[in-house]
Each structure stands twice: as structure tokens, then as C-alpha cells.
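All remarks here apply to the structure that follows.
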Amino acid sequence: MKKPADKKVVLTGDRPTGALHLGHYAGSLLQRLKLQEDAEQYVLIADVQALTDHYKDPEGVRKNIDEVMLDYLAAGLTPDKTTFVLQSQVPEIAELSVYFLNLVTLARLQRNPTVKEEMRQKGYGSDVPAGFLAYPVHQAADITVFNADWVPVGEDQLPVIEQARDIVRSFNRIYGQTFTEPAALLSHVKRLPGLDGKSKMSKTLGNTIELKATPDLIKQRVTQMYTDPKKIHISDPGHLEGNVVFTYLDAFDQDKESLKDLKERYQEGKTGDVEAKKRLMGVLDGLLGPIRERRAGLERDKKTLRDILRAGTDKGRDRAREVMRRVRTALRIDYFE
Ligand code: ATP
Ligand code: MG
């Protein structure tokens, strides 16, 4: 067992904009399951960030906090190893964001490829809410208020982490060494495509398989999955590139030997989508079945969920307060301390 002083601090999180899906699982949750074993891990439910583009639906954001907590616990994160924090209840994050805003230009925010793509999807044009445009600044505060070393995220978040690193460098240069420079940790599946083959499985795009999906729903979703449009008859040679069924098999099928055999037969025109999709249904049932069962048990006890989140938020806030004390000293605003 490592001494606490040697432990790396991990910060990561999700927006409560819906239940978690396979993209979260592959891109971030799997890493968190490993990291909780020997890092000091904080997992943030980013309700303030969810409100930047869901500000007209506060009730929906509130409801989804339970959904996300259920998914965390069902997937195997546990409160004795991971600290769950509710963003809106740690006002130090908002406080730090205000100072960070001075270190970022509007032009830099507008150039962020992730934000640009999300603005396009949401059809904001130039009418983008300022809070949304500035969410990478807020996210930099999420990370640094815990003085985190590592941030396990999907590939879509890399420009946002880069922005956080820039802010940390500027802050340390201007006000003196205060923050650790955080590093992104990518998993073996950096970006899981959506069912439709679009670049990313995402709640906003509605192209997901949720972790809580029933066997019937899994079947339905896999059936509609995008494969190889050129393969019409079994005897046609099949292509694996851009073929969502095989991308998911690569991500979730543990039996690599027999998967290799299936791929060869598919490419040679000896088998077709039916076999590949059946196999994927089995793999996903095996993965999601136990998660679904644990979730059903937890759903009956919402009070426990709240208690876990409250205790974690208290603990997280203690750390945030400590870091903010140092920030105030660095910023020369520690008047009454
Ligand atoms: P929204 O559409 O509301 O933004 P989302 O589906 O993009 O939701 P987030 O809460 O924004 O989910 O993402 C949480 C974490 O999960 C981030 O680290 C993100 O990179 C990761 N993630 C989300 N979708 C995928 C995906 N398809 N592949 C890999 N990682 C993903
Ligand atoms: Mg997102």
C-alpha cells in the first residue's frame, strides 16, 4: 500500500445531462475503476457546466444527478475509494473561475475545437451564451481547485485540458508557483463513435447505448447499427474501417482470438452482419447485465445516494478551501485571513 503522500490526485467528471453510456464507460469510467485503487480520486458531477447549455431546464439537470450517481455506483466506483462531489455545492470553483477568466482571451476560447464543434451541433452561431463559451475556464477551475495531477477523459476533451494547462502556466508565472500542471489520461478507446457512425457517442447526439439499457433495447440498438454499406450479400467482401459493430467489438470483446477469426471471415465474404451483430449483443449483455442488476438494487434507495454525494462534497470542499487559501495569498487578496 502506498503512503498517502505518494498518491496522485485524480479529478474527472460528467455533466448530468442524461444517464451514462458506453462512450463514458470506454473513454473514462474504465480508467477510473483502476485509478480508484491507488490514487486519490475525485469525481465531479458537473451540474454548473450542464446549466451552461441546459439553463432553461434546471429540473432536468437536477434529476440527472441521481441518474449519474446510480451509473457510477453500478459500474463499480465506490464511496470508500472515490470521492463524489457535486460541483454547484463547491462555490470555490466559481470563485477561482473568475480569476482564471482574466488569463484567457476571447479569441482563444473561440478557437477551441471542442467548443467550436459543440457550438455547431447546438446551432448557436454567434448567439452563444457567454457561460457556455467559457466552460473550458470553469473546467480548468474544477481541475485545479483539487490541485489534480491526472484527468482521465475522452479524446474530445483534450483541447479543454490543454486550455487548463495554459491557464495553470500563466497563473504560476504571474502569481508564483501555485498549481500542478494537470495531465490528460486517455484510455485504450479514446473516442467511441455513435451508433450512426458519427464521430462520437454523445447524449446530445442521441446516438447512445446507455449503461442501463435493457436486453431488448441493446438488441434494437445493435440491429440498427451502421456497418459496411457496400456489403449487401454475405459473399461480398466486408470492410472493418468505419464499421461500428467491429469498432465496438474491438472496444468490448475480450476474446481477441475468435474476434480475429470473425473479422477474417467477414472480410473474405464468408459471413455477414448477422453473425457480427449477434456476437456484439452477447458481449454487451455480458458487460451491461451486472451493471443493470446493481443499478436496480441501488434505485430503491435514493437517500443513500444523496448521503454519499453529500459526504463526498463535504470532503471535496475541504480540499478546495485549502487550495483557495493558497490562491488568495498568491493573488494578494488574503485581507482578512
Ligand atoms: P453531452 O452531450 O451532454 O456533452 P457527453 O455524452 O458528451 O454529454 P460528457 O458528460 O460531456 O458526456 O462527458 C464526460 C466524459 O466522458 C468526458 O471525459 C468525455 O471525454 C467522455 N466521453 C463522452 N463521450 C465519449 C465517447 N463517445 N468516447 C470516449 N469518451 C467519451
Ligand atoms: Mg460532452
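In each ligand, atom 1 is the first atom listed, and ligand 1 is the first ligand listed.
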Note to self: Looking at non-hydrogen atoms alone, which of K200, K203, R15 comes nearest to atom 7 (O) of ligand 1?
What the structure shows: K200
Notebook entry, point to check: At what distance is the nearest protein heavy atom to atom 9 (P) of ligand 1, and which residue and atom is it?
Noted result: H24 NE2, 3.7 Å
Item checked: Sub-4.0 Å atoms of ligand 1 with respect to non-hydrogen atoms of G27 -> 29 (C), 30 (N)
Next item on the list: Tell me, please: is G13 in heavy-atom contact with ligand 1, that is, under 4.0 Å?
Entry: yes
Note to self: Is there a polar contact between ligand 1 and H54, counting only N or O atoms under 3.5 Å apart?
What the structure shows: no
Next item on the list: Mark yes or no for whether T82, through its side chain, and P79, through its backbone, hold a donor-acceptor pair below 3.5 Å.
Entry: no
Check: Are V245 and Y226 close enough that some pair of their side-chain heavy atoms sits under 4.5 Å apart?
Finding: no
Next item on the list: Report, in ascending order of atom number, the atoms of ligand 1 lying under 4.0 Å from any heavy atom of R191.
Entry: 28 (N), 29 (C)
Note to self: If the contact criterion is a heavy-atom separation under 4.0 Å, does H21 count as touching ligand 1?
What the structure shows: yes
Item checked: Atom indices of ligand 1 within 4.0 angstrom of T204 heavy atoms, with elements -> 1 (P), 2 (O), 3 (O)
Notebook entry, point to check: Considering only protein heavy atoms, which is closest to atom 21 (C) of ligand 1, and at what distance to one decimal place?
Noted result: G154 N, 4.0 Å
Next item on the list: Below 4.0 angstrom from a heavy atom of M201, which ligand 1 atoms are there? Numbered from 1 as shown, please.
Entry: 24 (N), 25 (C), 26 (C), 27 (N)
Next item on the list: Considering the heavy atoms of G23, write down every atom of ligand 1 situated less than 4.0 Å from one of them.
Entry: 25 (C), 26 (C), 27 (N), 28 (N), 29 (C), 30 (N), 31 (C)
Next item on the list: Give yes or no for whether the N/O distance cutoff of 3.5 Å, strictly under, is met between S202 and ligand 1.
Entry: yes
Next item on the list: Decide, yes or no, whether a salt bridge links E275 with R265 under the criterion of side-chain N to carboxylate O below 4.0 Å.
Entry: yes
Notebook entry, point to check: Hey, is D253 close enough to R279 for a salt bridge, meaning N to O under 4.0 Å?
Noted result: yes
Next item on the list: Check whether any heavy atom of K190 sits under 4.0 Å from an atom of ligand 1.
Entry: yes
Notebook entry, point to check: Taking Q41 for the side chain and R32 for the main chain, is one N or O donor matched with an acceptor at less than 3.5 Å?
Noted result: yes
Notebook entry, point to check: Just distances here: any N/O of Q157 and N/O of ligand 1 closer than 3.5 Å?
Noted result: no
Next item on the list: Flag this pair as yes if the NZ/CZ of K231 is under 6.0 angstrom from the six-membered ring centre of Y266 and inside a 45 degree cone about the axis; otherwise no.
Entry: yes
Next item on the list: Among all protein heavy atoms, pick out the one at the shortest distance from atom 19 (C) of ligand 1; state its residue, atom name and that distance to 0.1 Å.
Entry: D156 OD1, 3.5 Å
Item checked: Under 3.5 Å: donor-acceptor pair, side chain of T214, backbone of L217 -> yes
Check: Under a 4.0 Å heavy-atom limit, does L192 contact ligand 1 with its side chain, its backbone, both, or neither?
Finding: both
Check: Is the shortest distance from a Lys or Arg side-chain nitrogen in D156 or K200 to a carboxylate oxygen in the other one below 4.0 Å?
Finding: yes
Notebook entry, point to check: Parallel under 30°, tilted from 30 to 60°, perpendicular over 60°: which one fits the rings of F252 and Y248?
Noted result: perpendicular
Item checked: ligand 1 versus D14: contacting region, heavy-atom distance under 4.0 Å -> both
Next item on the list: Taking Q177 for its side chain and F179 for its backbone only, find out whether a donor-acceptor pair lies under 3.5 Å.
Entry: yes
Item checked: Per-atom contacts of ligand 1 with T17, taking only distances under 4.0 Å to non-hydrogen atoms -> 1 (P), 3 (O), 8 (O)
Next item on the list: Decide yes or no for T208 and L195: does some side-chain heavy atom of the first lie under 4.5 Å from some side-chain heavy atom of the second?
Entry: no
